K.L.:
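One structure follows; several queries about it will come next.
Not measured: the values here are computed from a predicted model. In what follows, chains carry the letters A, B, and so on, assigned in the order in which the sequence lines appear, proteins first and then strands, with residues in each chain numbered from 1.
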There are 2 protein chains.
Amino acid sequence: MSANAREDILAAAKLVAQAHGYAGLNFRDLAEQVGIKAASIYYHFPSKAELATAVAKRYWEDAAAYLESLLQNSPKPLDALRRYPETFRWALENDNRICLCSFMSAQFDDLPDVVKTEVQAFTDVNVAWLRKTLVAAKVASPKEAEKRARAIYSGIVGAQLMARSRADISLYDSLIDGYRAAGLLPA
Amino acid sequence: MSANAREDILAAAKLVAQAHGYAGLNFRDLAEQVGIKAASIYYHFPSKAELATAVAKRYWEDAAAYLESLLQNSPKPLDALRRYPETFRWALENDNRICLCSFMSAQFDDLPDVVKTEVQAFTDVNVAWLRKTLVAAKVASPKEAEKRARAIYSGIVGAQLMARSRADISLYDSLIDGYRAAGLLPA
DNA sequence: ACCTGAACACCGTTCAAGT
DNA sequence: ACCTGAACACCGTTCAAGT
């Protein structure tokens, strides 16, 4: 445990949410990981909804920052595009977790509205980046890019979910290959 | 409530699992819907794991039967293939639910092993049908068909999940269109 | 055969109270 | 400021008892 309980809670909660979702976020286990008591979490976050909101907000902010740096540091936009599926591979590598946003999308009915907003922001960030990069890489025309970006995003989300259900990361790679072969992703 | 409590429990549990997942299946609410007490469910199913197993088994059996009838009743295999995305649209039409198998795939870590087996069987049924139908429709060669079938399945699963997160069924249709435009699904 | 009340051990959540 | 004990509501499960 570090000197900053709030940051420790956020970090631990992110991992729990990626493995067990919103319903699986439990304050007793979370507190134990951080080294405080469950009730103490409520000093830092007024409710489970607020904690989940903070986690999801941090999550899309980090994603946005990473995607920008990926684009900046790639020789060509097409290179960044080719590496996009990697970002969703990491969760699977990390103990067969999935995207926090995907898990919470499944639990949509049980999500407080404030959390829904942040979960949707993650999708928006990804789709906007894909649209921009598809156009820059001349893979799609400005007119087609939005639809193509959404199709790529949902395809990758589905691949991650399916790979999790088999606890098989090679299945993820195979599905991404399948998208390339079929023409959804650039070769 | 009908004359058959066991069937009523299965039917109610299916809907709950499609909206709230395995963790969201609780015997008290379920019993109330069926018109009996929570303890009575244990007369029909020895445990929550066994109930979920029965629900998931019934789910893939029904899917298998429907897909066979779809193929039999279609003029050409390609027609059946074109109608495949409809089967995942129905859950969204039904109060923004999703595939039971997708929800439980997200909750993989929290699933008893017996349930996992039945959840995976649903995927197997769908992928096997797609493979067979892709070959029959000459959309994919026997060699490519397995990979293509899995890519289509995961793509549709992702589209359904993304549409749920916006409670927007037109988004599902748009994503399926995007798959057709990109070449993942036959036009 | 089918169902129930009551109880058990447990868990997430809350808040008044501690330091 | 930061944390906690203790209570509360709830859940899966059991079982003796009811019809």
K.L.:
What's the CD-C1' distance between A:Gln33 and C:dG12, to the nearest Å?
P.N.:
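Distance check: A:Gln33 CD to C:dG12 C1' gives 16 Å.
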K.L.:
Quick one: which of C:dC3, C:dG12, D:dA1 gets closest to the side chain of B:Ala5?
P.N.:
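From the listed options, C:dC3 comes nearest.
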K.L.:
Starting the side chain at C-beta, find the nucleotide from C:dT4, D:dC3, D:dG12 nearest to B:Lys37.
P.N.:
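Selected nucleotide: C:dT4.
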K.L.:
For B:Leu10 and B:Arg58, work out which heavy atoms get closest and say how close.
P.N.:
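Shortest heavy-atom separation between B:Leu10 and B:Arg58 comes out as CD1-NH2, 3.5 Å.
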K.L.:
According to the Watson-Crick and G-U wobble definitions, with both distances under 3.5 Å, which nucleotide is paired to C:dA16?
P.N.:
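Paired with D:dT4.
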K.L.:
What does the list of N/O pairs under 3.5 Å between the protein and nucleotides 14-17 of chain C look like, with a distance for each?
P.N.:
residue : atom : partner : partner atom : Å
C:dT14  : OP2  : A:Tyr42 : OH           : 2.9

K.L.:
If the test is side-chain contact (heavy atoms from CB on, under 4.5 Å), which one of A:Asp113, A:Val114, A:Thr117 qualifies with A:Thr53?
P.N.:
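Going through A:Asp113, A:Val114, A:Thr117 one by one, the side-chain contact (heavy atoms from CB on, under 4.5 Å) with A:Thr53 is satisfied by A:Val114 alone.
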K.L.:
Would you mind reading off the distance between B:Asp110 atom CG and D:dC11 atom P, rounded to a whole angstrom?
P.N.:
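Nearest whole value for this atom pair: 17 Å.
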K.L.:
Working to the nearest 0.5 Å, report the span between CD1 of B:Ile156 and CD of B:Glu86.
P.N.:
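That separation rounds to 10.5 Å.
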K.L.:
On the nucleotide C:dC3, are OP1 or OP2 found under 4.0 Å from the side-chain N or O atoms that B:Tyr43 carries?
P.N.:
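It does not, given that no N or O in the side chain of B:Tyr43 lies less than 4.0 Å from OP1 or OP2 of C:dC3.
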K.L.:
Rounding to an integer number of Å, can you tell me how far B:Asn4 CG sits from C:dC2 P?
P.N.:
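The distance from CG of B:Asn4 to P of C:dC2 comes to 9 Å, rounded to the nearest Å.
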K.L.:
Could you tell me the Watson-Crick or G-U partner of C:dC11, where both distances fall under 3.5 Å? Say none if there is no partner.
P.N.:
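Answer to the pairing question: none, since C:dC11 forms no Watson-Crick or G-U pair.
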K.L.:
Look at A:Arg131 together with A:Glu146 and state whether they make a salt bridge at an N to O cut-off of under 4.0 Å.
P.N.:
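Yes, this pair counts.
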K.L.:
Using whole Å, what does the distance between atom C1' of nucleotide D:dT4 and atom CD of A:Glu32 come to?
P.N.:
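Taking atom C1' of D:dT4 as the reference, CD of A:Glu32 is at 15 Å.
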K.L.:
Once you apply a heavy-atom cut-off of 4.0 Å, does B:Leu25 come out as touching a base, just sugar-phosphate, or nothing?
P.N.:
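Since only primed, P, OP1 and OP2 atoms lie under 4.0 Å of B:Leu25, the category is sugar-phosphate.
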K.L.:
Against the six-membered ring of A:Tyr22, is A:Lys48 placed for a cation-pi contact (under 6.0 Å from the centre, within 45° of the normal)?
P.N.:
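Ring-cation test returns yes.
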K.L.:
Expressed as a whole number of angstroms, how long is the span from A:Ile9:CD1 to C:dT13:P?
P.N.:
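To the nearest whole Å, that distance equals 13 Å.
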K.L.:
From CG of A:Asp29 over to P of C:dT13, roughly how many Å is that when rounded to an integer?
P.N.:
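After rounding, the reported distance stands at 11 Å.
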K.L.:
For the pair B:Arg82 (side chain) and B:Pro186 (backbone), establish whether a donor and an acceptor sit closer than 3.5 Å, ignoring hydrogens and angles.
P.N.:
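No; judged by distance alone, with no hydrogens or angles, the pair does not exist.
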K.L.:
Whole-Å distance between D:dT4 P and A:Arg28 CZ?
P.N.:
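Taking atom P of D:dT4 as the reference, CZ of A:Arg28 is at 13 Å.
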K.L.:
Give, for atom CZ of B:Phe88 and atom CD1 of B:Ile98, the distance between the pair rounded to the nearest 0.5 Å.
P.N.:
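Answer for the CZ-CD1 pair, B:Phe88 versus B:Ile98, is 10.5 Å.
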K.L.:
Kindly say if A:Asn26 contacts the phosphate of C:dG12, meaning a side-chain N or O under 4.0 Å from OP1 or OP2.
P.N.:
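Yes.
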K.L.:
Quick one: is C:dA1 close enough that its OP1 or OP2 comes under 4.0 Å of any side-chain N or O from B:His44?
P.N.:
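So the side chain of B:His44 is outside the cut-off, no N or O lying under 4.0 Å from OP1 or OP2 of C:dA1.
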